[in-house]
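Take a look at the structure below.
Because only heavy atoms are used, hydrogens play no part in the values below, and waters and symmetry mates are left out as well, while side chains stay in. Start at 1 and go down the list; that is how both ligands and their atoms are numbered. Computed from a prediction, not measured in an experiment: that's the story for all the values here.
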Amino acid sequence: MKTIMLVFGTRPEAIKMCPLVNELKSREGIRTLVCVTGQHRRMLDQVLEAFHVVPDYDLSIMKEKQDLFDITTNVLNGIRSVLEKERPDVVLVHGDTSTTFAAALSCFYLQIPVGHVEAGLRTYDLMAPYPEEFNRQAVSIVSRYNFAPTERARQNLLQEGKNPDTIYVTGNTAIDALKTTVRSDYTHPELDWAAGSRLVLMTAHRRENLGKPMESMFRGIRRAVEEHPDVKLLYPIHMNPLVRQTAEAVLGGCDRIRMIEPLDVLDFHNFMSRCHMILTDSGGIQEEAPSLGKPVLVMRDTTERPEGVAAGTLRLVGTEEERVYRSFSELLDDQAVYESMSRASNPYGDGFACRRIADVLTRE
Ligand code: UD1
Ligand code: UDP
């Protein structure tokens, strides 16, 4: 019996790892264990509930206004005894968070093989996304299995000298998740609020955007919303108090902008499938939107997900007020631009990534 432990701690990791937990649990010959770090609390628990995943271990590390030292040291200190007790045959980590990095480092210290889900994404700019680009590159140094979502991600790993036999192109498990959540008969009171208007969905939380860049992009967005009376903007707001302060200050008091608590993943995916367009600095949303054919303005200068830009769904618009305002207005006003960005495509996979990852782990 092979023991596989999945370690994750934030909302996006959970959304992309829970379908894999459930796939692995359905396989014979594998003992599947889940260790959550609790880097996020409510935003993590929302996802665990949605996918009916009950962790075997919960390190509960989240503190208000935690910084990178807090997360990294608390994961390292918390996970050590779990790994020493269980001695898994493989530990799976996901993507690029501080949980991911610290868990992989812990495995390296204990010489436990690491499998990296969503491996090989790169900007090659260590400051953007910060600190995620570092986390991804660092995990690649120690990982034994690299589950690359796309051919492009595989090429990045090959160029860095990774052994080709350790790389598997699987698609992104985000698409597996999306296939289980979007429903044709879905309704929600917030969607009723937007009925008859063009609904714009927004999220924002990137560390490098906190403060001035976020203020600036919110100002551009508010101007465009105010000039378009048929637009309503819904913003399920990240629980980071620094994000909330800026959002209230710049976006508050406009009756066509609604800020609400983070949506459950099932709700968010259905909102995405019904909205007119999306404004975001999120990573995961850049993967989901092309599948749904929803135009996305990405409020960043660079992306580790260029496949969605190449597919035409994503456009990088940075955070500077005037540029955000103009790009947003153009997408609202120019039907040809809107249509060219609204074609559904699947650069991130066919929804069977979990099956492929489980096949590799069962086989080897
Ligand atoms: C983290 C990841 C980022 C990912 C994001 C997903 C790192 C360094 N960053 O950033 O890659 O895109 O998660 O959302 O790992 N908070 C709560 N409750 C929650 C969640 C967060 O109160 O359920 C608050 C806490 O005050 C916390 C703050 O949000 O201090 C920021 O959370 P943190 O995990 O430190 O960073 P994120 O910006 O969420
Ligand atoms: N999401 C959600 N509820 C929300 C906003 C986003 O479930 O209110 C989902 C979204 O569909 C995507 C993931 O959260 O799957 C993205 O997470 P986030 O933006 O927090 O992190 P990132 O992807 O940037 O690391």
Side-chain angles (χ1 to χ4, degrees), residues 8-19 36-51 60-72 74-75 93-103 118 121 128-136 138-139 172-178 181-182 188 190 201-210 214 234-245 259-273 275 278-289 291-292 294 296 298-300 303-305 348:
F8 51 92
T10 66
R11 171 172 68 190
E13 295 165 83
I15 291 172
K16 298 186 231 181
M17 288 291 251
C18 284
V36 296
T37 64
Q39 177 180 335
H40 283 174
R41 190 68 278 162
R42 175 151 166 239
M43 287 163 61
L44 170 71
D45 293 342
Q46 282 181 310
V47 184
L48 294 173
E49 279 161 31
F51 287 94
S60 289
I61 66 150
M62 197 192 91
K63 293 196 296 191
E64 199 170 318
K65 297 198 180 160
Q66 61 200 3
D67 63 22
L68 299 175
F69 288 89
D70 297 321
I71 306 171
T72 306
N74 289 329
V75 171
V93 296
H94 181 277
D96 60 10
T97 71
S98 291
T99 283
T100 312
F101 165 65
E118 203 183 86
L121 278 64
Y130 174 85
E132 289 84 2
E133 176 68 14
F134 165 81
N135 291 340
R136 278 194 200 276
V139 175
N172 197 307
T173 59
I175 309 305
D176 299 34
L178 200 57
T181 49
V182 177
H188 193 284
E190 297 294 354
L201 199 54
M202 177 163 92
T203 77
H205 73 278
R206 292 246 80 77
R207 252 182 176 71
E208 66 272 20
N209 283 348
L210 294 175
M214 202 167 273
L234 193 64
Y235 179 11
I237 190 164
H238 192 288
M239 296 188 79
N240 188 338
L242 298 172
V243 174
R244 291 187 170 208
Q245 271 165 25
M259 289 180 263
I260 59 171
E261 288 304 310
L263 286 165
D264 286 352
V265 57
L266 194 140
D267 294 315
F268 192 80
H269 285 177
N270 281 284
F271 276 49
M272 281 178 80
S273 79
C275 72
I278 299 163
L279 299 166
T280 194
D281 64 7
S282 156
I285 292 170
Q286 295 179 54
E287 290 151 357
E288 296 160 347
S291 274
L292 299 168
K294 296 295 174 181
V296 183
V298 182
M299 297 177 293
R300 297 171 51 175
T303 183
E304 61 290 341
R305 289 155 169 110
Y348 298 105

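An N or O contact shorter than 3.5 Å links His269 to ligand 2 by distance. Between His238 and ligand 2, a contact under 3.5 Å exists for no N or O pair. Below 3.5 Å of separation, one finds no N or O of Pro262 facing any N or O of ligand 2. Among the atoms of Asp264, none of the N or O lies under 3.5 angstrom from an N or O of ligand 2. Backbone and side-chain nitrogen or oxygen atoms of Met272 are examined, and none is located within less than 3.5 angstrom of a nitrogen or oxygen of ligand 2. Distances between N or O atoms of Arg206 and those of ligand 2 include at least one value under 3.5 Å.
When non-hydrogen atoms are compared, ligand 1 lies under 4.0 Å from neither the backbone nor the side chain of Asn135. When heavy-atom distances to ligand 1 are checked against a 4.0 Å cut-off, Thr99 has no atom that comes that close, whether in backbone or side chain. Residue contacts with ligand 1, taken as heavy atom pairs separated by less than 4.0 Å, involve His238 solely via side-chain atoms from C-beta onward.
The shortest contact between atom 21 (O) of ligand 2 and any protein heavy atom is with Pro12 CG, 3.3 Å. If you check which protein heavy atom lies closest to atom 11 (O) of ligand 1, you get Glu132 OE2, 2.5 Å.
Within ligand 1, the atoms closer than 4.0 Å to a non-hydrogen atom of Ile71 are 35 (O), numbered from 1 in the order shown. Against a heavy-atom cut-off of under 4.0 Å, Arg41 is close to the following atoms of ligand 1: 19 (C), 23 (O). Ligand 1 places these atoms under 4.0 Å from at least one heavy atom of Leu68: 8 (C). Each of the atoms 26 (O), 30 (O) of ligand 1 lies under 4.0 Å from some heavy atom of Lys65. The atoms of ligand 1 that sit less than 4.0 Å from any heavy atom of Pro131 are 8 (C).
Considering only non-hydrogen atoms, atom 2 (C) of ligand 2 lies nearest to Phe268 out of Tyr235, Phe268, Phe271.
Ligand 1 is never approached by Gly283 to a heavy-atom distance shorter than 4.0 Å.
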